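Structure first, commentary second.
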Amino acid sequence: EFIFRYVDPKAKKVRKPVLDEHGTPIIIDWQYAMGELSRKNGIDVEEELTKARERLHVQFAERETQLAEEQQVVEKRMEQEREQYEREIKSLRDAAVNGTAKDYQAVLMKEEEQAKTQATLAKFKSRAAQGQARAQWVRAAMRASKDDSFELDVRLCRQQMANMQPRLVEANRIATLHGRKIRYSF
């Protein structure tokens with residue numbers, strides 16, 4: 001893990017500023033050197049992290065769409081049941097107008113049953129709305145904590161990769177020197 005540099009004491013020390021393609025000076029430090037070494041060896045940490053973030057966002061979007069689809073199916077089914085109850089009540093009313101007191105009692109029972117169903121439906125909707133609000137809050141909190149922990153993991157990963165990069169380069173050089181057809185990478 002040592003880097004040796006030979007400095008000729010008789011050579012003139014002329015420092016030229018290192019410039020990028022836009023002409024701005026580049027600060028060369030350990031992080032810059034490791035990034036340059038990574039790019040030269042075909043390893044781009046930032047690109048890998050961007051890909052991981054994109055995969056997470058895609059998975060999250062897929063789960064959101066699944067939840068929305070399930071909710072639409074439930075709401076559609078509840079609407080169909082409501083329409084069915086209303087049709088039955090209408091047919092019973094028509095029969096009660098033309099029929100006997102027995103038909104009228106059946107209408108009243110159906111209306112009472114529909115009222116109970118409507119009350120249950122209203123409770124379900126309020127619980128669903130509460131659950132949705134809580135789920136959104138939990139998702140936001142989880143996303144924030146996951147982003148924080150993800151950023152911490154990213155920093156640790158970068159540090160570990162920076163520590164391992166010279167070893168990988170040396171291992172690849174040794175493998176090439178000995179004619180091995182193997183390439184080590186992250």
Side-chain angles (χ1 to χ4, degrees), residues 1-77 124-186:
E1 291 191 35
F2 295 99
I3 297 175
F4 297 99
R5 187 175 102 177
Y6 173 73
V7 179
D8 186 4
K10 295 178 184 175
K12 262 188 177 178
K13 291 185 179 181
V14 177
R15 287 194 155 202
K16 293 185 215 174
V18 179
L19 304 175
D20 65 359
E21 58 269 355
H22 302 294
T24 57
I26 298 174
I27 298 172
I28 298 178
D29 59 355
W30 180 255
Q31 295 297 333
Y32 179 80
M34 288 295 105
E36 188 177 37
L37 186 60
S38 295
R39 285 188 298 278
K40 183 179 178 189
N41 290 314
I43 301 168
D44 191 2
V45 176
E46 294 302 321
E47 183 179 327
E48 293 297 322
L49 294 174
T50 303
K51 287 179 184 177
R53 281 190 181 124
E54 288 174 3
R55 281 193 303 268
L56 288 174
H57 287 297
V58 166
Q59 288 175 351
F60 184 72
E62 288 174 356
R63 289 181 183 160
E64 287 287 323
T65 55
Q66 287 175 350
L67 179 64
E69 289 172 359
E70 289 174 5
Q71 187 174 359
Q72 286 176 351
V73 167
V74 168
E75 287 177 0
K76 188 176 182 180
R77 191 178 79 210
F124 176 75
K125 281 187 176 181
S126 67
R127 285 183 187 164
Q130 287 175 346
Q132 233 177 0
R134 173 134 174 82
Q136 288 174 348
W137 178 81
V138 167
R139 272 187 245 127
M142 289 294 289
R143 190 179 307 139
S145 68
K146 281 184 180 177
D147 284 347
D148 291 344
S149 63
F150 184 74
E151 290 301 322
L152 178 63
D153 289 345
V154 166
R155 280 183 283 188
L156 291 173
C157 183
R158 282 183 184 146
Q159 183 62 37
Q160 290 172 351
M161 290 175 84
N163 292 339
M164 290 297 295
Q165 184 69 29
R167 295 177 184 145
L168 282 177
V169 170
E170 188 63 25
N172 287 333
R173 285 185 189 146
I174 291 170
T176 304
L177 181 68
H178 291 289
R180 306 279 178 160
K181 295 182 180 181
I182 190 166
R183 178 159 168 66
Y184 299 101
S185 64
F186 290 113

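Position 1 is the first residue of the sequence, and the numbers go up from there. As the structure is a computational prediction, the values presented were derived from the model and not from experiment.
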Going by side chain to side chain donor-acceptor pair (under 3.5 Å), name the residues that satisfy it together with Arg53, two or more places apart in sequence or in a different chain. Glu151

Could you tell me which residues satisfy side chain to side chain contact (heavy atoms under 4.5 Å, CB included) with Val74, sequence neighbours excluded, listed by chain and number? Met78, Phe124

First locate atom CG of Leu67, then atom CD of Gln72, and finally report the distance between them rounded to the nearest 0.5 Å. 10.0 Å

Partners of Glu64 by side chain to side chain donor-acceptor pair (under 3.5 Å), sequence neighbours excluded? Arg139

Measure across Asn172 and Ile182 and return the closest heavy-atom pair with its distance rounded to 0.1 Å. OD1-O, 4.5 Å

Once you round to the nearest 0.5 Å, how far does CZ of Arg167 lie from CD1 of Ile174? 12.5 Å

Measure the spacing between NZ of Lys181 and OG1 of Thr176 and express it to the nearest 0.5 Å. 12.0 Å

Mind running side chain to side chain contact (heavy atoms under 4.5 Å, CB included) on Glu69 and Val73 for me, showing each step along the way? CA-CA 6 Å; Glu69 289 172 359; Val73 167; 5.6 Å; no

